[in-house]
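This report concerns only the one structure given below.
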Amino acid sequence: MKYDFAAIEKKWQKVWDEKKPYAAVNGSDKPKCYGLIEFPYPSGQGLHVGHPRPFTAIDIVSRKKRMDGYNVLFPIGFDAFGLPTENYAIKNHIHPAIVTKKNIENFTSQLKMLGYGFDWDRCIDTTDPKYYKWTQWIFLQLFKKGLAYKTTMPVNWCTSCKCVLANEEVVNGVCERCGSEVVRKEKSQWMLAITKYAQRLIDDLDSLDYIERVKIQQKNWIGRSTGAELNFDTTVGKKLTVFTTRPDTLYGATYMVIAPEHAFVKENREKITNIEAVDAYIAEAAKKSDFERSELAKEKTGVQLEGIKAINPITKKEIPIFISDYVLVTYGTGAIMAVPAHDDRDWEFAKKFGCEIVEVVAGGDVQKEAFTVKDDSGIMVNSGFLNGMTVKEAIPAMIKWVCENGIGEEKVNYKLRDWVFSRQRYWGEPIPLVYCEKCGWVPVPESELPIVLPQVDSYEPTDDGESPLSKMTDWVNTTCPHCGAPAKRETDTMPQWAGSSWYFLRYMDPNNDECLVSPEAEQYWGPVDWYNGGMEHTTLHLLYSRFWHKFLYDIGVVHTPEPYAKRTSHGMILGEGGEKMSKSRGNVVNPNDIVDQYGADTMRLHIMFIGDFEKAVSWSNEAVKGSKRFLDRCLNLVDNVSDSLEISPKNESIIHKTVKKVSEDIEDLKMNTAIAALMAMVNEFYANGVTKGDLKYLVLLLSPFAPHLAEEMWELLGFAASSGKMAMQMSWPTYDEAKTIDASKEIAVQVNGKLRGTVIIPLDAENDEVVKIALANEKVSKFIGDADIVKTIVVKNKLVNLIIKPKA
RNA sequence: GUCGGUGUGUUGGAAUGGUAGACGAGGCGGACUCAAAAUCCGUUGCCGGCGACGGCGUGUGGGUUCGAGUCCCACCACCGGCACCA
């Protein structure tokens, strides 16, 4: 029979659209399974070949779970706010909502073309006011709890586009779009206090089934370090506070460094005798972008604050204070105690500026290079009461000393920064706040949500970098919800991360107008059982959404502290030569082309078969044929099947083995070996011949992978008529463990650890018998000759190793 | 620099410390065909040998073990994240 995939796929997609076999049921008493993929950004380019990899994998898992009897929620939606759409709108003078609608339609037809079992009735769109009403609602709750605040922040400013850029838009220090210089500019921004949740975001990782590298990357990103905060007296009376992870080296602190932005300079201007030089340095540092500051890291720069000294609290020595941009104002206290003997950066700086270098941990030559001990077993020297202790002992001893003497305290610091939440852009959720001269920032009453994006004439930011909304005076001018006086709306919008931070909750109850999700729906569906997504979202989206979910937990909206029970991650699909797919390389594969040429089932099968799910793999157009051939072979079996509904004895063993292998592999996301097992089974079917009973197993096992063809074969074999169900609605096949085990086994025979032959033994044969059979083998006995067997090692049903010693 | 990952035939990739290369792609040989495609069957790690067979093989060098692709140590290469985080 010819495999007319185009007709088959069209036929079954129509059936699914009508019968909705993928609908998830709210209020069911079945056990639930919530599988989630990262919802796509509906770009103008349409679906990329990278999308089907995670989508197909979780689709397969969902289909199997459905056959296992679960009430499955496998939803889809669109993360549709974002810059590319806005830029397209600016360029072509089309409203972004129109562009978005068009793109979503295109994505929808492409996703349906691939036969995914999404519950389309739960489809969401983050740009729909009915959806972003609740994004705004969550923001208001954050604001009310003091977790959203406005502060002045240095931002990336493109001097040519005259607009604020996200960090991702700054490439090698220049604007990604126009290539012009990007500088730092102070702007007032809304911030979310994610750092308040830093410790919980680390601690709760332990209870989650996330792949290890995701956990590690999140932990590193949050960057917890423990140490002490110490107060240094200065000759001007004011104290300088530093954070250090190595309080044990306090005796070696021979100078201090503060960041250029540190308030100490401003507060002590009149005491600094070289204030002109200091001001000049500060001005120079402000001109540099973050990128330049880290690029120019090789050569340390700085200026000493003349006229002021600090006092080392334990040696009581006066030490100089420097200002330098190698100290970051955003980490710790923005000031450090420098221990040049044991820190590479401090050492480099000390050499350049002629500072004293005092060894406090023995073991290196600190005049030649900094001695930075890798473990904490170094011995303290030149350190008073710490002398002779190991570093490990000295750290708590010094912390105890500083606490007792009122010098400082133990302290934990995080690299994580608060989340810059404002964008001076049009195509995002308006921030639902009003500024009143008298009352300050006032939340819009919840009854007025959503604050809908108004129509504007132009989507371009203003010359001074304000959102285009700021030009809409009718919209901006309003009254204070608190006192009724004239007031102005916030014109900043939210970043793209906002809508995606809680979307998985909306799927549970997508049409609820009363609340973002009903407690009943959330209790039943939450948390997400399995969430797969890209590694590139580990430190942004994944962290942000965990933060929001913890907040929603704290205010009683959700019943679990974590949104996702399990997280896996897929590898990238590379071009033919193992290079990244890109338009400039011309190696981009469009899924439509593959579907046109080979069909959706082949596309699905091949993207799973191509290699280990977690690793990057390169696409090969040539190799797709193999997957197509396999489906051809499956269908052709229908023409050569015998009518028996029993399993044929010849195929019984391979069927049970394959059911076992495929069942286990799907749960482990090892779709490549599951498909290999199916191929092996079909190869045996060709060799042995098949009954309808045999093919029933093949169809059911195949149905998550190639759902269209599976339904077609199910119908052709008459099972649709006899069961009244589609294959996907049947129970997942079970296997009998006993039937997966063969009665006899071929095992390896080694002589002195080297393979010398194979023999066939009865299953679970005793060791003596195995050795006897092995010795009876001609090739083996030839190798042994007249040597003595000094030892035999038998691994049950696997191998026998004979250790021999030649006769003297 | 640092954290994480990877390194296996011509090629994509398989292998709970136990017969390396499953399953594909490509190649080669054969069947069918006027012929070609498609399909089916066989074969395919490298070296030596007509052959039986022997030797060598999982980035490099050591180690543990009866036995190492797999575990340990050192190194090299590539990929990804972070990067003056005190």
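Numbered from 1 within each chain, the chains take letters A, B, ... in sequence-line order. All heavy atoms count here, side chains included; hydrogens, waters and symmetry mates do not.
- Backbone-only engagement by A/Phe783 is indicated by non-hydrogen atom pairs under 4.0 Å involving sugar-phosphate atoms exclusively.
- Judged purely by distance below 3.5 Å, without hydrogens or angles, the side chains of A/Ser225 and A/Tyr331 pair a donor atom with an acceptor atom.
- Comparing the same atom, P, in B/rG21 and in B/rC32 gives a spacing of 34 Å after rounding to whole Å.
- Taking the ring axis of A/Tyr686 as reference, the NZ or CZ atom of A/Arg633 stays within 45° of it and closer than 6.0 Å to the ring centre.
- Considering only the side chain of A/Leu755, B/rA20 comes nearest among B/rA20, B/rA22, B/rC66.
- Comparing B/rG7 with B/rG30, their P atoms are spaced 38 Å from each other, to the whole Å.
- Cation-pi check for A/Arg756 over A/Phe783 is met; the charged atom lies under 6.0 angstrom from the ring centroid and within 45 degrees of its normal.
- OP1 or OP2 of B/rA14 has at least one side-chain nitrogen or oxygen of A/Asn672 nearer than 4.0 Å.
- Spacing between B/rG17 and B/rG9 at atom P, rounded to whole Å, works out to 22 Å.
- B/rU11 and B/rC46 have their P atoms separated by 11 Å, given to the nearest Å.
- Non-hydrogen atoms lying under 4.0 Å from RNA chain B are contributed by A/Glu622, A/Ala623, A/Lys625, A/Gly626, all within residues 619-628 of chain A.
- B/rG63 and B/rG13 are spaced 32 Å apart, taking the P atom of each and rounding to whole Å.
- Annotation: cation-pi geometry not satisfied between A/Lys300 and A/Phe349 (NZ/CZ under 6.0 angstrom from ring centroid, within 45° of ring axis).
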(message) Base contacts versus sugar-phosphate-only contacts with protein, heavy atoms under 4.0 Å: please encode nucleotides 45-52 of chain B as B, S and - from 5' to 3'.
(response) --------

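- Comparing B/rU16 with B/rC23, their P atoms are spaced 16 Å from each other, to the whole Å.
- Considering only the side chain of A/Asn220, B/rC3 comes nearest among B/rA86, B/rA22, B/rC3.
- Taking the C1' atom of each, B/rG51 and B/rG69 are spaced 32 Å apart, rounded to whole Å.
- Taking the O4'-C1'-N9-C4 or O4'-C1'-N1-C2 dihedral as appropriate, B/rG9 has a value within 90° of 0 and is therefore syn.
- Side-chain atoms of A/Lys798 and base atoms of B/rU16 include a donor and an acceptor less than 3.5 Å apart.
- Remark: P of B/rC53 and NZ of A/Lys782 are 8 Å apart, rounded to the nearest angstrom.
- Of the options A/Trp221, A/Trp419, A/Tyr197, a ring-ring contact (aromatic ring centres under 6.0 Å, His included) to A/Tyr544 is made by A/Trp419 and by none of the others.
- Across all their heavy atoms, A/Val49 and A/Ile573 have their closest contact at CG1-CG2, 3.9 Å.
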